[in-house]
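In what follows, a structure is listed as structure tokens, so that the remarks can point back to it.
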Amino acid sequence: YPLPHELRPGPVLSMTMDYLCTTIMNRGEGQEAMWVDFLWNRTRAIRKDIVIQGLCDVESATIIEQITRFHILCSHNLCEMDPSAFDPKINDENMLKCIQSLKHHYADLRDEGINCPNEAEFMAYDILMHLNQTDVLRRVLHYPDHIVQSTEVQLAVKLFTALNEK
């Protein structure tokens, strides 16, 4: 484990993520292969700092949401890249880890009376990432009512239903 002085506090992690999103990701469209490994390593380190410190607040949830969107962007933009340069399976695994972390964050924050504005969006991504699993609808039933009834989750459920109709 790193020493306490080696860990970045929440506000520093947030500034780091903002820098990565606004400065590094915006460099050279079409040159994603050059920066994807760099960003992947940095976002992984940010997630690790969040986990080691046990951060669970709106700020850390927002950071994990940004990292999840990074993995979604990679899935879309890099899907045709050579597997030696970009492995979609590893990307999906990391995206699912992010979504799992978000589920825990959302539940813990909800217990404190805090609702996260992007929760429905990320629960919809969770459904979409599990379209081939039959227990998806059972999992959705455990979401809070306002999430189940959201436009995002309703669309994901419709896509799941359409795909699985026989």
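Quantities reported herein were computed from a predicted structural model and do not represent experimental measurements.
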With distance as the sole test, does N91 use its side chain to make a donor-acceptor pair with the main-chain N or O of I72 at under 3.5 Å? no
Quiz item: With a 4.5 Å limit on heavy-atom distance, are the side chains of S14 and T62 in contact?
Solution: no
Which of L55, D49, L13 passes side chain to side chain contact (heavy atoms under 4.5 Å, CB included) with I63? It is L13
Here the gap from M95 atom CE to C74 atom SG, rounded to the nearest 0.5 Å, amounts to 8.5 Å
query: Side chains of E121 and R69: closer than 4.5 Å at any heavy-atom pair?
result: yes
| query | Going by heavy atoms in the side chains, are I67 and R44 under 4.5 Å from each other? | reply | no
Distance col, row D57:CG vs S60:OG, nearest 0.5 angstrom, shows 4.0 Å
For C98 and I64, the nearest pair of non-hydrogen atoms, with its separation, is O-CG2, 3.5 Å
Should L102 and L73 be counted in the same cluster of Ile, Leu, Val, Met, Phe, Trp and Tyr side chains packed under 4.5 Å apart?
no
Is there side-chain contact between Q154 and S150, with at least one heavy-atom pair below 4.5 Å? no
* Is there side-chain contact between W40 and N94, with heavy atoms separated by less than 4.5 Å? -> yes
When rounded to the nearest 0.5 Å, the distance separating CD1 of I127 from CD of Q133 is 12.0 Å
Item to check | Heavy-atom check, side chain of E152 versus side chain of M123, under 4.5 Å | outcome: no
Interatomic distance, NE2@H71 vs CD1@I90, rounded to 0.5 Å, equals 11.0 Å
Smallest heavy-atom separation, H105 atom then A61 atom, equals CD2-N, 3.8 Å
Residues I99 and Y125: closest non-hydrogen pair is CD1-CB, 4.1 Å
Applying salt bridge (Lys or Arg N to Asp or Glu O under 4.0 Å) to R110 and not counting sequence neighbours gives E119
Just so I know, are the side chains of L7 and I52 near enough to count as touching, which here means a heavy-atom distance under 4.5 Å? yes
Closest non-hydrogen atoms of D92 and S75, given as atom of the first, atom of the second and distance, are OD1-OG, 3.4 Å
Under 4.5 Å between side-chain heavy atoms, counting indirect links through other Ile/Leu/Val/Met/Phe/Trp/Tyr residues: same cluster for L155 and L131 or not?
yes
Check: Are L137 and L163 joined in one hydrophobic group, where the rule is that I, L, V, M, F, W and Y side chains link up if heavy atoms are under 4.5 Å apart?
Finding: yes
task = Taking T23 for its side chain and L20 for its backbone only, find out whether a donor-acceptor pair lies under 3.5 Å.
result = no
Check for me, please, whether Y143 and L159 land in the same ILVMFWY cluster - side-chain distances under 4.5 Å, paths through other members count.
yes
To the nearest 0.5 Å, atom CD of Q66 lies from atom CD1 of I46 at 8.5 Å
| Any H130 side-chain heavy atom under 4.5 Å of D135 side chain | no
Distance col, row F122:CZ vs D126:CG, nearest 0.5 angstrom, shows 11.5 Å
Looking only at heavy atoms, the pair that brings I147 and A120 closest together is CD1-N, 3.7 Å
| said: Under 4.5 Å between side-chain heavy atoms, counting indirect links through other Ile/Leu/Val/Met/Phe/Trp/Tyr residues: same cluster for I50 and Y19 or not? | reply: yes
Of all heavy-atom pairs linking Y106 and E65, the shortest is OH-OE2, 2.5 Å
